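Report on the following structure.
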Amino acid sequence: MSGKPKTAISPTRGEDYPEWYQQVIKAADLAEVSPVRGCMVIKPWGYALWENMQRVLDRMFKDTGHQNAYFPLFIPMSFLEQEAKHVDGFAKECAVVTHHRLEPGPDGGLVPAGPLEEPLIVRPTSETIIGAMYAKWVQSYRDLPIKINQWANVVRWELRTRLFLRTAEFLWQEGHTAHATSEEAWDETRLMLDVYADFAENYMAMPVLKGEKTAGERFPGAVSTVSIESMMQDLKALQAGTSHFLGQNFSKAQDIKFQDQHGQEVHAWTTSWGVSTRLVGALIMTHSDDDGLVLPPRLAPSHVVILPIYRNDEERASVIEYCQKLAARTREVNYDGQAVRVEIDDRDLRGGEKKWYHVKRGVPIRVEVGPRDVQADGVFVGRRDQPKSAGSSREEFLANLPTILAEMQQGLFDRAAEFREKNTVRLDTLDEFKQYFAEDAPGGFAWCHWSESPEMEQQLKQLKVTARNIPIGQEPEDGKCIFTGQPSSTRAVFARAY
RNA sequence: CGGGGUGUAGCGCAGUCUGGCUAGCGCAUCUGCUUUGGGAGCAGAGGGUCGUAGGUUCGAAUCCUAUCACCCCGACCA
């Protein structure tokens with residue numbers, strides 16, 4: 001016995017960040033690697049978190065005029081060949097289905113049989129298959145706009161995978177819209193970016209930078225890609241969501257055209273936008289600490305866990321009864337427009353062990369109830385964002401619960417925002433830039449004047465830094481690109497990234 | 001996909017160089033007793049065709065060949 005560790009997660013963030021990340025996922029029981037290369041199994045606690053994200057986002061999509069639908073998992077290979085730039089971006093990393101039958105093989109195994117006339121691609125994204133349907137559905141300007149979202153799984157044959165951040169198969173939503181005018185499609189692109197930013201900041205408690213991607217970081221085939229970018233606790237950036245203005249590139253390739261009010265035949269303007277289970281990774285790396293997962297209350301699968309403490313059957317009976325009543329009362333409390341989510345953990349485990357189990361899983365509030373609390377009609381309350389627990393009366397606890405949860409939600413956002421602020425700089429020379437992103441330097445977010453150029457690409461590659469985006473809403477400012485000296489009026493944010 | 005590394009019990013590892021007792025240890029699991037407002041103590045038990053397939057040998061976790069998977073570094077990352 002080496003004594004009680006100081007932290008529940010080992011190594012700590014400071015010791016080995018990537019390993020810490022893996023250990024948090026394991027300790028919180030969010031997911032596991034599966035027998036299938038590059039694919040993960042999302043476990044109940046992790047999936048419940050994803051379901052909460054889905055629920056909120058789905059409501060937001062519907063509130064902005066979108067409808068859900070479902071398109072096929074398989075895409076004919078010829079569809080992917082339609083848009084030239086799209087081909088460049090996706091061709092290499094797709095799973096391809098070439099047969100439609102299995103037959104007994106020579107060694108008692110199975111061999112694929114029945115070759116397909118045209119190979120099918122497992123969707124890496126659905127622009128092409130959805131576009132093909134839109135081409136049928138759109139004849140007149142009266143058919144527009146079409147605003148559809150789908151919740152689906154997609155496959156991108158990634159070589160280096162990390163749970164939630166990059167897996168070969170992942171869950172996401174993809175919105176696909178078609179519009180009569182460029183302006184309308186642009187508005188849609190920006191509106192959905194706002195939805196994502198709203199979700200990230202107000203539900204995930206994760207501050208984000210909204211901005212436009214540089215040409216090099218754009219979605220293949222898009223005219224413009226905008227993104228939300230956030231800072232993880234190791235100072236690396238993570239792209240948390242993207243929204244694409246596709247112009248008429250896809251509609252021309254797929255013949256999505258209509259007659260406008262003047263009888264003119266015109267190609268539609270399309271957009272697409274998505275967020276994925278990567279958000280779970282973002283959530284982990286934004287808030288969690290050396291004792292495990294920390295969840296923002298608005299997305300936590302459980303807000304409150306009640307831990308009964310007793311020594312014998314007699315105590316057990318009265319404590320459990322008290323806990324059940326407490327749980328019922330807690331469910332009557334309203335937080336964020338819903339009943340507070342509460343569970344009782346009555347497993348036959350030692351108190352300390354049980355407590356740490358829920359600390360590691362990030363449950364916002366722990367309520368410990370023993371015989372003394374039953375006597376006093378009290379509770380012993382621990383908050384995930386504070387090290388110490390404290391006693392209070394039952395009524396006081398119930399009355400304060402919504403405030404405490406709201407306070408925790410805000411507290412997480414404030415702490416993350418402050419962290420990003422502290423690790424953000426404005427740099428005006430290449431020397432400063434090189435120093436800031438030197439191998440042994442911590443790095444962070446650097447706002448710099450820039451211009452799209454081979455010089456920039458080369459410097460960035462050397463320093464393992466990427467242009468994250470060009471934040472929206474900057475005051476125009478006269479400056480010079482730090483790489484080329486070209487005049488520049490806006491800054492881009494640079495960082496090492498996931 | 002290139003370079004390097006690792007596959008031995010659910011998890012983490014020793015043993016491999018130099019082939020040879022019955023393949024071990026820690027944690028976890030199960031049982032009993034003790035403990036009980038805090039990640040328990042003692043005693044006992046279960047669990048392994050040593051990644052897989054060939055080969056060398058009287059004998060292979062150990063040597064050879066192939067293959068698969070995972071990790072790290074690069075390339076890539078919509």
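What you are looking at is a predicted structure, and each value in this text was computed from that prediction instead of being measured. Here is how names work: the chains are called A, B, and so on, in the same order as the sequence lines, proteins then strands, and each is numbered from 1.
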_Side chains of A/H267 and A/Q248: any donor to acceptor distance under 3.5 Å?_
no

_Main-chain N/O of A/T128 paired with A/Q82 side-chain donor or acceptor, under 3.5 Å_ = no

*Could you pick out which residue, A/Y498 or A/G351, lies toward the 5' side of RNA chain B when each is mapped onto its nearest nucleotide?*
A/G351

*Is the phosphate of B/C76, meaning OP1 or OP2, less than 4.0 Å from a side-chain N or O of A/K464?*
no

*For A/E169 and B/C77, what is the distance between atoms CD and P respectively, to the nearest whole Å?*
22 Å

*Can you find a side-chain donor-acceptor pair between A/T189 and A/S243 that sits under 3.5 Å?*
no

*Give none if B/G2 has no partner; otherwise give the nucleotide forming a Watson-Crick or G-U wobble pair with it, both distances under 3.5 Å.*
B/C73

*Does one side chain, of A/E217 or A/T225, offer a donor that lies under 3.5 Å from an acceptor on the other?*
no

_Would the distance check show the side chain of A/K147 and the main-chain N or O of A/T64 forming a donor-acceptor pair, the cut-off being under 3.5 Å?_
yes

*Mind checking what makes side-chain contact (heavy atoms from CB on, under 4.5 Å) contact with A/Y498, not counting sequence neighbours?*
A/Y17, A/R162, A/L165, A/M232, A/D234, A/K236, A/L238, A/R278, A/M285

_Below 4.0 angstrom, which residues in residues 373-383 of chain A have at least one non-hydrogen atom near RNA chain B?_
A/D373, A/F380

*asked:* In this structure, how many angstroms lie between the C1' atom of B/C11 and the CD atom of A/E32, rounded?
replied: 11 Å

*Nucleotide opposite B/C25 in a Watson-Crick or G-U pair, distances under 3.5 Å*: B/G12

*Indicate whether OP1 or OP2 belonging to B/A40 is found under 4.0 Å from a side-chain N or O atom of A/R350.*
yes

*asked:* Side chain of A/K26, heavy atoms from C-beta onward: which of B/C11, B/G39, B/C77 has the nearest atom to it?
replied: B/C11

*Nucleotide forming a Watson-Crick or wobble pair with B/C50, both distances under 3.5 Å*: none

_In whole Å, measure the gap between the C1' atoms of B/U52 and B/A45 for me._
32 Å

*By side-chain contact (heavy atoms from CB on, under 4.5 Å) - contacts of A/Q375 (at least two apart)*: none

*Taking the C1' atom of each, how far is B/G47 from B/A9, in whole Å?*
6 Å

*For A/S126 and A/E174, test the side chains for any donor-to-acceptor distance below 3.5 angstrom and give the result as yes or no.*
yes

*asked:* Tell me if the side-chain of A/R311 makes a donor-acceptor pair with the base of B/U35, cut-off 3.5 Å, by modelled atom types.
replied: no

*What is the base-pairing partner of B/G44, counting Watson-Crick and G-U wobble geometry with both distances under 3.5 Å?*
B/C30

*For residues 268-284 of chain A, which residues have at least one heavy atom under 4.0 Å from RNA chain B?*
none

*Can you run down the ring-ring contact (aromatic ring centres under 6.0 Å, His included) pairs that involve residues 228-248 of chain A, sequence neighbours left out, and say none if there aren't any?*
A/W186-A/F245, A/F219-A/H244

*Expressed as a whole number of Å, how far does the C1' atom of B/C30 sit from that of B/G74?*
47 Å

*Return the set of residues passing salt bridge (charged side-chain N to carboxylate O under 4.0 Å, His left out) with A/R123 (not counting sequence neighbours), or none when no residue passes.*
none

*Output every pair passing salt bridge (charged side-chain N to carboxylate O under 4.0 Å, His left out) with a member in residues 457-470 of chain A, not counting sequence neighbours, ordered by first then second residue.*
A/E229-A/R468

_For the residue pair A/T125 / A/E127, report whether a side-chain donor-acceptor contact shorter than 3.5 Å exists._
yes

_Measure CZ/A/R347 against P/B/U29 and give the value in whole Å, please._
12 Å

*Counting only heavy atoms not in A/E314, do more than 12 sit closer than 6.0 Å to its CD atom?*
no

*Under 4.0 Å between a side-chain N or O of A/K355 and OP1 or OP2 of B/G37?*
no

*What is the distance from NZ of A/K461 to P of B/C77, rounded to the nearest Å?*
8 Å

*Atom CG of A/L463 to atom P of B/G74: distance rounded to whole Å?*
14 Å

*Quantified in whole Å, what is the C1' atom distance between nucleotide B/G4 and nucleotide B/U8?*
22 Å

*asked:* Suppose you measure atom P in B/C27 against the same atom in B/C72; what distance do you get, rounded to whole Å?
replied: 28 Å

*When the distance from CD1 of A/I309 to C1' of B/G38 is rounded to whole Å, what number comes out?*
7 Å

*For A/H358, all residues meeting ring-ring contact (aromatic ring centres under 6.0 Å, His included), sequence neighbours excluded*: none

*Rounded to the Å, how far apart are A/D348 CG and B/A40 C1'?*
14 Å

*asked:* Distance check needed: B/G41 C1' versus A/E353 CD, whole Å only.
replied: 14 Å

_Watson-Crick or G-U counterpart of B/A60, or none if no pair lies under 3.5 Å_ = none

_Tell me every residue that passes salt bridge (charged side-chain N to carboxylate O under 4.0 Å, His left out) with A/R13, counting only those two or more places apart in sequence or in another chain._
A/D290

*Which nucleotide, in any strand shown, forms a Watson-Crick or G-U wobble pair with B/U36, with both distances under 3.5 Å?*
none

Got a list of protein N/O to nucleotides 70-72 of chain B N/O distances below 3.5 Å?
residue, atom, partner, partner atom, Å
B/C70, OP2, A/R37, NH1, 3.4

*Integer angstrom distance from the C1' of B/A66 to that of B/C21*: 33 Å

*A/F250 and A/Y134: aromatic ring centres closer than 6.0 Å?*
no

*What does A/K360 touch in the nucleic acid at a heavy-atom separation under 4.0 angstrom: a base, only the sugar-phosphate, or nothing?*
base

_B/U49 to B/G44 separation - C1' atoms, rounded to the nearest Å_ = 27 Å

*Check side-chain contact (heavy atoms from CB on, under 4.5 Å) between A/Y357 and all other residues, then give those that pass, not counting sequence neighbours.*
A/D345, A/R347, A/R361

*Within residues 218-227 of chain A, residues whose heavy atoms come under 4.0 Å of RNA chain B*: A/F219, A/P220

_Span that lies between the P atom of B/G32 and that of B/G37, in whole angstrom_ = 22 Å

